[in-house]
A.B. asks: 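Starting off with a structure, shown below.
Quick caveat, the model's predicted, so the values are computed rather than measured. Naming: A, B, ... by sequence-line order, numbering from 1 per chain.
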Number of protein chains: 2
Amino acid sequence: MSLHEADIHSGAGERPAAGEEGARGRFDRIYHVLRTRICLLDYPPGSRLREEDLADEFGISRTPIRRVLVRLETEGLLRSVHGVGTIVTDIDVEELAQVYQLRVELAELIGKLSPIAPDASKIAAFRGMLARCDGLLEQPDPREFARINMDFFHLLNSLTGNEPLREIAERLYYQTTRIWLKTASRLSQYEEVLQNEITIFHREVADIVSAVEVGDLEAVGHIRRSHISMSFLRLRNESRS
Amino acid sequence: MSLHEADIHSGAGERPAAGEEGARGRFDRIYHVLRTRICLLDYPPGSRLREEDLADEFGISRTPIRRVLVRLETEGLLRSVHGVGTIVTDIDVEELAQVYQLRVELAELIGKLSPIAPDASKIAAFRGMLARCDGLLEQPDPREFARINMDFFHLLNSLTGNEPLREIAERLYYQTTRIWLKTASRLSQYEEVLQNEITIFHREVADIVSAVEVGDLEAVGHIRRSHISMSFLRLRNESRS
DNA sequence: TTTCCGCTAGTTGTGCACATCATCATGGCC
DNA sequence: GGCCATGATGATGTGCACAACTAGCGGAAA
């Protein structure tokens with residue numbers, strides 16, 4: 001039944017052979033590239049993605065590109081309209097309130113459902129994240145901030161062994177993460193807000209690293225929960241001003 | 001923004017025109033049909049779905065069918081392998097333990113996140129569900145049991161206004177609902193188990209209807225939570241015997 | 001001047017032919 | 001007699017041409 005076992009054949013690799021990649025690997029690669037572009041606002045909300053352009057860029061035809069776009073559409077990041085185009089969904093703070101509510105609840109579950117006790121290398125990864133935050137604090141940059149935030153999320157997500165939970169938390173994260181860059185870039189006191197946000201994020205990372213070091217994953221969940229909640233409230237207040 | 005409003009034009013409908021359906025409507029229709037077939041074991045685990053057969057059945061080509069299959073694959077109900085076919089995923093009680101854990105937690109959230117106070121028609125729908133359970137109790141049938149269970153889930157899901165939660169809960173539900181029919185059909189004491197399970201389900205519905213009638217949606221969540229949890233434990237015990 | 005009709009350009013959706021891949025049967029070689 | 005190679009077969013994946021559809025522009029009529 002299980003087709004998952006790696007086939008150990010005789011000579012040259014018939015499988016993805018180190019350098020190559022199968023159809024599934026290419027799908028994942030393009031999917032992640034496009035998702036990152038959307039969340040870093042390389043494709044701003046409302047902009048159009050021409051299927052043929054993407055096909056040319058990745059050196060394939062429209063067909064496999066469409067698979068990726070369909071996936072991104074089900075995730076809520078795109079919307080394809082017949083005869084019009086494939087446009088990046090616009091997002092609004094109020095519309096994301098429900099997603100944030102759900103993320104708050106799920107954050108706590110990460111420390112409760114099948115928690116994975118972090119080993120030495122994982123703890124090292126957390127400390128490395130803290131170091132990146134130090135650098136960010138000295139040299140603030142919104143794009144780099146978004147990237148670190150993303151990497152930190154994946155690291156946190158790896159603390160639970162519950163795969164469905166990981167998948168869902170990831171999906172919700174990518175539905176909401178754009179909103180900060182979008183609203184912040186339109187604020188007048190942009191520099192101040194960025195610096196402030198980075199400072200708060202640095203504290204969150206420091207707190208969580210402390211909790212990880214002593215192996216208290218439930219505490220990680222609580223810290224994370226409160227920070228997601230507060231982050232949303234700040235966002236809401238800023239967008240109303 | 002909202003394209004959801006029904007267009008009230010002059011004469012003959014330019015939109016889906018009552019009888020017709022757009023590409024998106026057809027997608028949903030076929031998607032639901034196939035999902036139901038999978039969950040009712042019309043397509044048993046391990047069986048193969050030929051894209052061309054499906055294309056012929058629905059009177060279209062392989063292309064739009066593939067969209068549906070890709071979706072069902074991301075939901076975890078199918079698995080397409082190049083050169084082999086698209087096969088219905090096989091499921092195992094132990095593998096679903098994590099999904100059940102998550103469903104247990106989410107069940108409680110339905111009563112907490114943006115609960116919708118049920119109006120008269122909704123309460124009537126719940127009572128109708130109870131009536132269907134009465135009928136089922138007198139004339140046990142596994143397939144009908146699965147159908148009622150499905151409808152009851154959707155009714156419960158409509159009690160929360162949190163759309164992301166509804167979507168996720170639905171996805172997890174359809175990942176797990178097949179397992180009961182599959183394991184039960186292989187038991188020796190099939191009739192007894194079915195009768196017992198229906199009796200318990202009838203109690204659950206009665207309890208929840210009572211809670212809905214007094215408008216206590218948090219209680220609904222708690223009842224639902226405990227029943228999902230116990231249902232999984234029974235399943236696990238039965239499959240081990 | 002304004003409004004409405006229709007045309008054109010451009011995009012996604014669909015159908016079909018072919019490429020790619022895995023499985024299985026078959027036959028020759030050791 | 002057993003084993004490996006090889007081709008036939010049938011499935012999904014890909015590329016391409018065309019259909020369906022929308023938005024915008026332009027011109028003619030009221």
A.B. asks: What is the distance, rounded to the nearest whole Å, between atom CD1 of A:I60 and atom P of D:dC16?
C.D. replies: 12 Å
A.B. asks: Separation of A:F58 atom CZ from D:dT14 atom C1', in whole Å?
C.D. replies: 17 Å
A.B. asks: Between B:E21 (CD) and D:dA20 (C1'), how many Å, whole number?
C.D. replies: 15 Å
A.B. asks: Rounded to whole Å, how long is the line connecting atom CZ of B:R48 with atom P of C:dA22?
C.D. replies: 14 Å
A.B. asks: Is it the case that more than 12 heavy atoms not belonging to B:R147 sit under 6.0 Å from its CZ atom?
C.D. replies: no
A.B. asks: Picking from D:dG15, C:dT14, D:dT12, which would you name as closest to the side chain of B:R26?
C.D. replies: C:dT14
A.B. asks: What's B:I65 touching, base or sugar-phosphate or nothing? Going by heavy atoms closer than 4.0 Å.
C.D. replies: nothing
A.B. asks: Checking contacts here: which listed nucleotide (C:dT12, D:dT12, C:dT14) is nearest the side-chain heavy atoms of A:E51?
C.D. replies: C:dT12
A.B. asks: Return the value, rounded to whole Å, for the distance between atom CD of B:E52 and atom P of D:dT9.
C.D. replies: 17 Å
A.B. asks: Base, sugar-phosphate alone, or nothing: which one does A:L49 contact when heavy atoms must sit under 4.0 Å apart?
C.D. replies: sugar-phosphate
A.B. asks: Taking the six-membered ring of B:Y174 as reference, does the NZ or CZ atom of B:R35 fall below 6.0 Å from its centre and within a 45° cone about the axis?
C.D. replies: yes
A.B. asks: Of all the heavy-atom pairs spanning B:G76 and B:R178, show the shortest one and how long it is.
C.D. replies: O-NH2, 4.4 Å
A.B. asks: Please state how far atom CZ in B:F27 lies from atom C1' in C:dT12, giving the value in whole angstrom units.
C.D. replies: 15 Å
A.B. asks: How do A:G83 and B:G83 order along DNA chain D: which one's closest nucleotide is nearer the 5' end?
C.D. replies: B:G83
A.B. asks: With side-chain hydrogen bond (donor to acceptor under 3.5 Å, both in side chains) as the criterion, how do B:T176 and B:R103 come out once you've worked through the C-alpha distance, each side chain's angles and the decisive distance to 0.1 Å?
C.D. replies: CA-CA 9 Å; B:T176 57; B:R103 284 193 60 201; 2.9 Å; yes
A.B. asks: With DNA chain C as reference, determine whether A:T86 or B:H82 sits nearer its 5' end, using the nearest nucleotide of each.
C.D. replies: A:T86
A.B. asks: Ignoring the backbone of A:R62, work out which of C:dT12, D:dT12, D:dT14 is nearest its side chain.
C.D. replies: C:dT12
A.B. asks: Which comes earlier along DNA chain C counting from the 5' end, the contact point of A:T63 or that of A:V84, where each point is its nearest nucleotide?
C.D. replies: A:V84
A.B. asks: Can you measure B:L54 atom CG to C:dG15 atom P for me and round it to whole angstrom units?
C.D. replies: 14 Å
A.B. asks: Without decimals, in angstroms, what is the distance between B:R67 CZ and D:dT14 P?
C.D. replies: 16 Å
A.B. asks: Just checking B:R50: base, sugar-phosphate only, or nothing, at a heavy-atom cut-off of under 4.0 Å?
C.D. replies: sugar-phosphate
A.B. asks: When you check the side-chain N and O atoms of A:S121 and A:D119, is any donor under 3.5 Å from an acceptor?
C.D. replies: yes
